Amino acid sequence: MILLEKTATQMGAGTLAGGMFAADSKQQKEKHQQVDKAWLYNEYMELSGGFINTQLVRKIIDEAGATVDWLNENGALMKLTDAGVGGAYAHIGEPATLHGYQEGGTMALKKLLDTYKKSGGKIYFSTPAKALTYDAKGQVTGVLAEKEDGTKLTIAAKAVIIATGGFGGNAKMLKQYIGTPFTMGEISQNKGDGIQMAWKAGAAERGINVTQYFWAKFSDAEMNKIIPIVGEKWWDLTNFTRFPNLRVNLDGKRFSDETDVTLFSVHGAELHMQPQETEFVIVDSDMLEKIAQRGTVAIENQYGKWKNNPFFFMEFNEPNDTKTLIEQENTPYDYTKLLDPLVGTTQTVFKANTLESLAKNMGVNQSNLVTSATLYNNAISTGKDDEFFSNTSKLIKVSTPPYYAVKFVARNLGTLGGVRINENIQAVDENNRPIKGLYVSGADAGGMYGKAYVDFEGGTLGFAYTSGRLAGVNAGQYVKSLK
């Protein structure tokens, strides 16, 4: 067995994720918390509108639990957590799907690699694959690769598994297949190499226009201004993405039900659809004063339900500990000390004593902003949102000056498709005939999603790990069948 890795060490989205979904892992069975597979399937169906490979989706749902067990047996420690623990508060009360990394994604992949090497596998870092080789019948026969020093490698193989993470780092492909505007993916080395190789081998296209817009962020240009002013405290500003405050786009218009902001993929998609993928979160001084007196728990008690039932997992290789998070949300915090230094020094935070002046500072249409705020406040007062049908009891009024606006842009984790595969993770052609010896998994594979990522927790990593495990099992069986 030979593993080729483009980067100098184990990297990629799997190192940054928080965990993966499953329906019936050993942990779920032991806690009597199995997830109804019909519920999971309906989540995929509803969010895709039917634009999915239904056989593939069913296979992944059925096999995800076994994948969690396999990962734990091979060193990638994962533990079942309640829905919403990771900050997606809108999921609280839903079935527990997420099995969170206990040592972080980087350590998990390192331990998996250690197990792989102990079983006789070889790995070549800084050695990207350049092309597939195949015979006259179209059967894959190996890979051409290139080491960091320029040395060419020709590797004979009866089966090849492609898992190169999509094309989120390829601006040309993003423009071609996603369209403008687009946001670059979080993993810059993912250039679509594997997708291109599979296509050249005769594999069909599937899901090439699917992107995982998820949550929101500051633009790279603005980050370069923010950090010299407030340092690492810039992260605290992202808390404003998690509360149901009024949001407007570059036209000054409200555009969504603000209570869905912690349905991160849903709101990420909504944000992608706005002009220049941009939103402003409008915050008034009444909210800021309450937080300064009591902490963010004064606005929304997001972690209190876990006070006597704590959970812990690692995301972005950082602790996500409900004990710490409960303490933080109950700690008074004067956000004005963080916001005010950024007013006038960046194009991220804006401040004014009237909504008209705030709109002028933001560079948006004054009439639109005032109208949006008026209708939004009226919805809260009357208990009826005629625009976006939100649960008005959760919305936060905009009534006390001075007002602040914090500007965010869409965050793209990466792309989620490109190569058509079947439920056996085999690459297939336009007629659904397998490309013999070729398997494609993870973000290179199409068919799991419609236009966007599913919103229950752990979906992407769950597909990546489960499709990868199945690709390995099936490729091994295929090789044995040739003997």
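Keep in mind that what you see is a predicted model, and the values were worked out from it rather than measured.
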Is [X] salt-bridged to [Y], going by a charged N under 4.0 Å from an acidic O?
X	Y	value
E186	K217	yes
E73	K26	yes
E146	K152	yes
K407	E222	no
K118	D114	no

Whether over 12 other heavy atoms sit under 6.0 Å from [X] [atom1]:
X	atom1	value
K436	NZ	no
K233	NZ	no
K79	NZ	no
M273	CE	no
K394	NZ	no

How many angstroms lie between atom [atom1] of [X] and atom [atom2] of [Y], to the nearest 0.5 angstrom?
X	Y	atom1	atom2	answer
N474	L470	CG	CG	6.0 Å
Y453	F214	OH	CZ	5.5 Å
L153	L4	CG	CG	7.5 Å
Q28	T97	CD	OG1	8.0 Å
W306	F312	CH2	CZ	15.5 Å
K137	Q139	NZ	CD	8.0 Å

Under 3.5 Å side-chain donor-acceptor pair for [X] and [Y]:
X	Y	result
D193	T164	no
Y213	E270	no
N317	T106	yes
D455	S265	yes
E329	Y303	no
T259	S390	no
T460	Q212	yes
R242	T262	no
H99	S25	yes

If you compare all heavy atoms of [X] against all heavy atoms of [Y], which two are closest, and at what distance to 0.1 Å?
X	Y	value
T81	G100	CG2-N, 4.3 Å
N422	L56	O-CD1, 3.8 Å
A198	V440	CB-CG2, 4.3 Å
S441	S467	CB-OG, 3.4 Å
Y134	K200	OH-O, 3.1 Å
P434	Q426	CB-NE2, 3.6 Å

>> Could you walk me through whether D429 and I435 satisfy the side-chain contact (heavy atoms from CB on, under 4.5 Å) test, starting with their C-alpha distance in whole Å, then the side-chain angles of each, then the deciding distance to 0.1 Å, before giving a yes or no?
In response: CA-CA 7 Å; D429 65 15; I435 309 297; 4.2 Å; yes
> Using the benzene-type ring in the case of Trp, are the ring centres of F456 and Y44 under 6.0 Å apart?
Replying inline: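 F456 vs Y44: aromatic centres under 6.0 Å.
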> What do you reckon, are the aromatic ring centroids of Y101 and F313 less than 6.0 Å apart?
Replying inline: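 Centroid distance Y101-F313: not below 6.0 Å, so no.
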>> Measuring only between side-chain heavy atoms, which start at C-beta, is L80 closer than 4.5 Å to Q33?
In response: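 Yes; the side chains approach each other to less than 4.5 Å.
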> Taking the side chain as C-beta and beyond, is there a heavy-atom pair between R420 and E205 under 4.5 Å?
Replying inline: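 Not touching, per the 4.5 Å side-chain cut-off.
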>> One pair to check against side chain to side chain donor-acceptor pair (under 3.5 Å): T183 and E277. What are the steps and the verdict?
In response: CA-CA 8 Å; T183 300; E277 299 183 321; 2.4 Å; yes
> Could you go step by step and tell me if E258 and R247 meet the salt bridge (charged side-chain N to carboxylate O under 4.0 Å, His left out) rule?
Replying inline: CA-CA 7 Å; E258 292 82 3; R247 282 159 167 77; over 6 Å; no
